[in-house]
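To start, the structure under review is shown below, and the notes come after it.
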2 protein chains.
Amino acid sequence: MMHSKPSTPPRRSEATRKAILDAARERFATDGYDRATIRAIAKDASIDPSMVMRYYGNKEGLFAAAVAIDLRLPDPGSLTREDVGRALVTHFLSMWERNEVLTALLRVGVTNEAGAERMRGIFGDQLVPVARRMCPDPEQAPARAALVSAQLLGLALTRYVLRFPPAVDLAPEEVVAWLAPTVQRYLTAPYPA
Amino acid sequence: MMHSKPSTPPRRSEATRKAILDAARERFATDGYDRATIRAIAKDASIDPSMVMRYYGNKEGLFAAAVAIDLRLPDPGSLTREDVGRALVTHFLSMWERNEVLTALLRVGVTNEAGAERMRGIFGDQLVPVARRMCPDPEQAPARAALVSAQLLGLALTRYVLRFPPAVDLAPEEVVAWLAPTVQRYLTAPYPA
DNA sequence: TTTGGGTGTCAACAGGTGTTGGCCTACAGT
DNA sequence: ACTGTAGGCCAACACCTGTTGACACCCAAA
């Protein structure tokens with residue numbers, strides 16, 4: 001019947017763990033850290049709140065597990081200096097459209113210092129190397145990465161969090177067509193002033 | 001029936017009202033809607049929590065009073081098509097540097113639907129007219145205003161809320177030099193694709 | 001069958017929340 | 001002097017929060 005796998009006995013609780021994590025991601029994404037109560041998450045996952053504590057320790061642990069994801073930027077080496085803007089915008093857009101983890105991260109980062117720190121870490125660690133490789137003077141990399149972050153996160157903010165209707169209605173190709181030159185310029189143009 | 005007295009009878013409570021409002025603005029700006037408790041605001045204002053209720057009804061009323069501000073965009077008629085980008089970015093930046101109300105509004109808008117609605121209203125009502133006046137086809141005004149919002153709010157997000165160090169360290173002139181061409185393009189360039 | 005641990009529920013605790021009503025005090029109008 | 005009223009504090013309400021410990025269930029191993 002149950003073809004036993006010698007090494008890893010499939011714990012029956014894996015399904016529950018996943019249900020909790022899915023519910024948590026959705027709640028954090030739509031409600032933010034404070035309003036996403038453990039009780040609500042547990043109810044969404046159809047289990048008792050105490051199970052959340054058993055599997056993830058406490059609310060912070062649950063959040064950490066729920067947003068444990070890296071945004072898998074393409075290898076900086078595979079980007080050409082000519083179309084890095086388009087490539088970055090396309091990648092970010094598909095990333096945000098696909099899963100709600102990033103929305104959760106943004107929403108929490110705004111009200112929770114730990115979330116803000118995580119956000120700083122992700123964008124600093126992932127975007128700065130790209131900037132360092134693309135821009136004229138490596139010393140300017142952090143500033144240029146910050147400008148790119150501002151443009152990309154601003155789009156995410158208006159489109160996925162604040163939901164400005166015109167921002168929501170933009171087709172992905174339109175977003176790319178508008179933002180790609182901006183990102184391109186922030187990374188590769190000579191430093192102004 | 002209050003007769004209009006020559007010297008306006010300065011209610012003694014005006015000072016308290018103002019103290020409450022100031023404390024509320026600061027708390028909302030730094031903590032967001034949920035974490036900014038009435039008790040904490042009252043303590044900051046050195047009065048009893050019940051006074052907040054008496055003067056502002058409830059927490060929502062307090063928030064509404066605390067963020068009752070318009071961002072006084074320059075008259076669209078006074079803007080020229082050539083430097084609207086620079087003018088908008090400069091104005092936006094000085095507005096955010098000066099007072100914390102906008103930070104409070106942004107922070108709350110992310111977790112509170114009423115705050116988000118207010119944000120949509122402000123930027124829709126103020127930025128769309130400018131876009132309508134500047135862009136080639138008035139029908140594109142909302143989309144172009146949304147793009148400008150994304151860029152400007154993204155800057156505010158990274159600089160004043162998430163506090164990315166490189167974004168914080170940018171000098172105001174640098175911000176203007178980088179963002180003005182972007183805003184300019186979003187408003188006046190021909191529609192791509 | 002008995003054991004025993006993984007899985008799950010239930011009830012409760014201690015603390016914090018927005019909000020309310022009662023009571024006290026200062027002071028201007030009569 | 002008395003009185004009305006506005007400004008202010010205190011204690012309490014009802015609810016919700018994260019978190020905990022005790023108890024029941026299932027099901028495989030001994």
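Throughout, a chain's letter reflects where its sequence line sits, starting with A, and its residues are numbered from 1. This is a predicted model, so every value here is computed, not measured.
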- Do we see a donor-acceptor contact under 3.5 Å between the side chains of B:R144 and B:T188?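 No, no side-chain donor-acceptor contact under 3.5 Å.
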
- Establish, from distance only, whether the side-chain atoms of B:E174 and A:Y191 form a donor-acceptor pair under 3.5 Å.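 Yes, because at least one side-chain N or O of B:E174 sits under 3.5 Å from a partner of the opposite role on A:Y191.
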
Can you tell me the distance, in whole Å, between the [atom1] atom of [X] and the [atom2] atom of [N]?
| X | N | atom1 | atom2 | answer |
| --- | --- | --- | --- | --- |
| B:N58 | C:dT17 | CG | C1' | 14 Å |
| A:E14 | C:dG6 | CD | C1' | 13 Å |
| B:M51 | D:dC10 | CE | P | 12 Å |
| A:F63 | D:dG18 | CZ | C1' | 17 Å |
| A:Y56 | D:dG18 | OH | P | 17 Å |
| B:R54 | D:dA6 | CZ | P | 10 Å |
| A:R35 | D:dG18 | CZ | P | 13 Å |
| A:I47 | D:dC26 | CD1 | C1' | 18 Å |

Below 3.5 Å is the cut-off: list the nitrogen or oxygen pairs between protein and nucleotides 11-14 of chain D, distance only.
from	atom 1	to	atom 2	distance (Å)
D:dA12	N6	B:R39	NH2	3.4

Give the nucleotide from the list [options] with an atom nearest to the side chain of [X].
| X | options | result |
| --- | --- | --- |
| B:M53 | C:dT19, C:dG8, D:dT19 | C:dT19 |
| A:I38 | C:dT7, D:dT19, D:dG8 | D:dT19 |
| A:Y55 | C:dT19, C:dT7, C:dT17 | C:dT7 |
| A:K59 | D:dG7, C:dT19, D:dT19 | D:dT19 |

- Message: A:W96 vs A:F92, test: ring-ring contact (aromatic ring centres under 6.0 Å, His included). Steps then yes/no.
- Response: CA-CA 6 Å; A:W96 281 82; A:F92 264 86; 7.7 Å; no

- Query: Is there a side-chain polar atom (N or O) of B:T16 under 4.0 Å from OP1 or OP2 of D:dG8?
  - Reply: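 True: B:T16 side-chain N/O within range (under 4.0 Å) of D:dG8 OP1/OP2.
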
- Query: At what distance, to the nearest 0.5 angstrom, does CG of A:L93 lie from CG of A:L152?
  - Reply: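 The CG atom of A:L152 is 9.5 Å from CG of A:L93, to the nearest 0.5 Å.
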
- Within residues 117-143 of chain B or reaching into it, pairs that qualify as salt bridge (charged side-chain N to carboxylate O under 4.0 Å, His left out) - sequence neighbours excluded: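 Pairs touching residues 117-143 of chain B that pass the test: B:E113-B:R120, B:E117-B:R120.
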
- Query: What class does the angle between the rings of A:Y33 and A:F28 fall in, given that below 30° is parallel, 30 to 60° is tilted and above 60° is perpendicular?
  - Reply: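 Judged by the thresholds at 30° and 60°, the geometry between A:Y33 and A:F28 is parallel.
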
- Query: Taking 4.0 angstrom as the limit, do A:R27 and A:E100 come out as a salt bridge?
  - Reply: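 The answer is no: the pair does not qualify as a salt bridge.
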
